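A quick write-up on the structure given underneath.
Only a predicted model underlies this, so the values are computations on that prediction, with no experimental measurement involved.
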Amino acid sequence: HPRYVMSYHWHVEYEIIRILKGQLTVTLDEKSFTACADDVIFIHSGVLHSGIPDDCIYQCIVFDINAFLKLNSVCADYMQKIIHQEVMIYHHFTKKQPEIIQIVNNLFDAMWKHSNGYEMIVIGQFYHFFGLIFSNHYCLDNPTQNRKDYKRILQLKQVLEFIEKNYASPITLQQLS
């Protein structure tokens, strides 16, 4: 997105952003920081976020982490820890974590090129990313104790999941409450 202002929003999916050029002032919930070229940003499900570019070009991948539960039962316990917010992956990676930057670059490059077998490369890079998160402890344990909005976001996610499953049927406010 060249010089695209990312307005304040949230979604149930997770997101990875890589900065190709310039700077992006990112706000996650109510905390702001500046990411520079070659940085990577990880955004958890349900986190309110926005971005204001300064001569910036960035790319995003939005993904459903639940897909990784279906693909590999061996890794399910780790993925469940992320989904249930038992761990919170760090939101900003820089040149101080070159292995994370390289994996994310490989992930984006494979998606961009769409060469034969790119799907396997993408899935492999996602697992490599999450494996490094856990092996290098690039996460906070039990972060929900520190998040005031955790219960509200959890309720909101449940409502959205209900709507997604029942969108073809009439839904009442009582069902949503």
In short, Cys60 meets Ile17 closest at the heavy-atom pair SG-CG1, 3.9 Å
Hydrophobic clusters here meaning ILVMFWY residues chained together by side-chain heavy-atom distances under 4.5 Å, can you tell me if Met111 and Val62 are in one? no
Answer yes or no: is there a donor N or O on one side and an acceptor on the other, between the side chain of Asp55 and the main chain of Gly22, under 3.5 Å? no
Show me the donor-acceptor pairs, under 3.5 Å and distance only, between side chains in residues 89-99 and residues at least two apart or in other chains.
{"residue": "His92", "atom": "NE2", "partner": "Asp39", "partner atom": "OD2", "Å": "2.8"}
{"residue": "Thr94", "atom": "OG1", "partner": "Lys96", "partner atom": "N", "Å": "3.2"}
{"residue": "Gln97", "atom": "OE1", "partner": "Thr94", "partner atom": "N", "Å": "2.8"}
{"residue": "Glu99", "atom": "OE2", "partner": "Asn136", "partner atom": "ND2", "Å": "3.3"}
{"residue": "Glu99", "atom": "OE2", "partner": "Tyr138", "partner atom": "OH", "Å": "2.8"}

Rounded to the nearest 0.5 Å, how far apart are CG of Leu20 and SG of Cys56? 8.0 Å
Just checking, is any N or O donor in the side chain of Thr27 or Ser32 under 3.5 Å from an acceptor N or O on the other one? yes
Drop me the distance from Lys81's NZ to Phe130's CZ, to the nearest 0.5 angstrom. 14.5 Å
Closest contact, heavy atoms only, Lys21 versus Ala37: CA-CB, 4.1 Å
Residue pairs passing the side-chain hydrogen bond (donor to acceptor under 3.5 Å, both in side chains) test where at least one lies in residues 109-119, sequence neighbours excluded: Arg18-Asp109
Using every non-hydrogen atom in the two residues, find where Val26 and Ile41 come nearest and quote the distance to one decimal. CG2-CD1, 3.4 Å
Any donor-acceptor pair under 3.5 Å linking the side chain of His84 with the backbone of Glu86? no
Under the rule for salt bridge (charged side-chain N to carboxylate O under 4.0 Å, His left out), what residues qualify as partners of Asp64, not counting sequence neighbours? none
Would His49 and His44 count as a ring pair (Phe, Tyr, Trp, His ring centres under 6.0 Å) here? Give the steps. CA-CA 10 Å; His49 58 283; His44 286 264; over 10 Å; no
Give a yes or no on whether the backbone of Ser7 and the side-chain of His9 come within a donor-acceptor separation of less than 3.5 Å. yes
Steps toward side chain to side chain contact (heavy atoms under 4.5 Å, CB included) verdict (Ile83, Asn66): CA-CA 8 Å; Ile83 292 167; Asn66 289 302; 3.4 Å; yes
Is there side-chain contact between Ile100 and Phe129, with at least one heavy-atom pair below 4.5 Å? yes
Which atoms form the tightest heavy-atom contact between Phe68 and Phe63, and what is the distance? CE1-CD1, 3.8 Å
For Phe108 versus Ile16, what's the shortest heavy-atom pair and its separation? CZ-O, 3.5 Å
Apply side chain to side chain contact (heavy atoms under 4.5 Å, CB included) to the pair Tyr58 and Met6, showing each step before the final yes or no. CA-CA 11 Å; Tyr58 64 93; Met6 181 191 318; 3.7 Å; yes
Decide yes or no for Leu28 and Leu48: does some side-chain heavy atom of the first lie under 4.5 Å from some side-chain heavy atom of the second? no
Check the surroundings of atom CG in Leu132: do more than 12 heavy atoms from other residues, nucleotides or ligands lie under 6.0 Å from it? yes
If you define the side chain from C-beta out and look only at heavy atoms, does anything of Val122 sit under 4.5 Å from Ile61? no
Report the C-alpha separation of Ile82 and Val87 in whole Å, then their side-chain angles, then the decisive distance to 0.1 Å, and conclude whether the side chain to side chain contact (heavy atoms under 4.5 Å, CB included) test is met. CA-CA 5 Å; Ile82 298 168; Val87 299; 3.9 Å; yes
More than 12 heavy atoms of other residues, nucleotides or ligands under 6.0 Å from OH of Tyr78: yes or no? no
With the side chain counted from C-beta on, respond yes when Met88 and Cys139 share a heavy-atom pair under 4.5 Å apart, and no when they do not. no
Over all atoms of both residues, closest heavy-atom pair of Ile121 and Ala110: CG2-CB, 3.5 Å
Note, Tyr127 side chain near Cys75 side chain (heavy atom, < 4.5 Å): yes
ILVMFWY network linking Val47 to Ile52, side-chain heavy atoms under 4.5 angstrom: no
Between atom CD1 of Ile101 and atom CG of Asn106, what is the distance when rounded to the nearest 0.5 Å? 11.5 Å
